[in-house]
Amino acid sequence: MSNTIFQKIIKREIPSTILYEDNDVIAIEDINPVSPVHALIIPKKCIETLNDLSEKDATIVAKMILVAKNLAKELKIDQSGYRTIFNCNDDGGQTVYHIHLHLIGGRKLNWPPG
Ligand code: AMP
């Protein structure tokens, strides 16, 4: 089994603030938030990058997006707006090689991103 920092969080080996959890997915607060709301939606199955996704992962990816939508409402940014992001590999800014969906909001976000 892979041992990314997110795997350690899932196994409760290191602490985190958990916003949501079910059999397939965990959502936590980002330790270094870039906006007033910054959550990470993480599948419990470790998939290293978006490049490693296959057809059999379609359900889990859809679930991650639905969890982001539900959290946006819970955290009261659904009406003001928010952004969901998957970073992939070095140029995409990925630092943890276990896919995760960023949910950011609570302020006006710039476009295009840096
Ligand atoms: P990325 O750069 O897309 O791979 O995103 C990784 C994210 O994980 C960054 O936003 C980090 O701030 C966040 N992160 C790293 N370690 C932790 C941790 N222990 N708890 C919560 N978030 C973390």
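Just follow the structure's listing: the first ligand is 1, and inside any ligand the first atom is 1. Sequential numbering from 1 along the given sequence is applied to the chain's residues.
- Below 4.0 Å from some heavy atom of I28 lie the following atoms of ligand 1, by number and element: 21 (C).
- Considering backbone and side-chain N/O of G93, one or more are found under 3.5 Å from N/O of ligand 1.
- Counting protein heavy atoms only, atom 12 (O) of ligand 1 is closest to D30 OD1, 2.5 Å.
- The distance criterion of under 3.5 Å between nitrogen or oxygen atoms is not met by S16 with respect to ligand 1.
- At a heavy-atom distance under 4.0 Å, only side-chain atoms of H102, from C-beta outward, approach ligand 1.
- Among all heavy-atom pairs drawn from C88 and Q94, the shortest one is CA-OE1, 3.4 Å.
- When heavy-atom distances to ligand 1 are checked against a 4.0 Å cut-off, F6 comes that close only through its side chain, counted from C-beta outward.
- Which parts of ligand 1 touch V96 is read off a 4.0 Å heavy-atom cut-off, strictly below it: atoms 4 (O), 6 (C).
- Protein heavy atom at the shortest distance from atom 4 (O) of ligand 1 is T95 N, 2.7 Å.
- Take V34 and apply the side-chain contact (heavy atoms from CB on, under 4.5 Å) test, not counting sequence neighbours, and it matches H38, I104.
- Close N/O approach between N87 and ligand 1 is found [any backbone or side-chain N/O within under 3.5 Å].
- Near N32, with a cut-off below 4.0 Å to any heavy atom, the atoms of ligand 1 are 12 (O).
- Looking only at protein heavy atoms, the nearest one to atom 17 (C) of ligand 1 is I31 CG2, 3.6 Å.
- Heavy-atom contacts of L40 reach the following atoms of ligand 1: 8 (O), 13 (C), 22 (N) (cutoff under 4.0 Å).
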Check: residues 62-76 side-chain donor-acceptor pairs under 3.5 Å, at least two apart:
from, atom 1, to, atom 2, distance (Å)
K63, NZ, D22, OD2, 3.0
K63, NZ, D24, OD2, 2.8
N70, ND2, L66, O, 3.4

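- Under a 4.0 Å heavy-atom criterion, I9 is in contact with ligand 1.
- The protein non-hydrogen atom at the shortest distance from atom 1 (P) of ligand 1 is H100 NE2, 3.1 Å.
- Contact atoms of ligand 1 toward E29: 21 (C) (distance under 4.0 Å to a heavy atom of the residue).
- Residue-environment remark: CD (E13) exceeds the threshold of 12 foreign heavy atoms within 6.0 Å.
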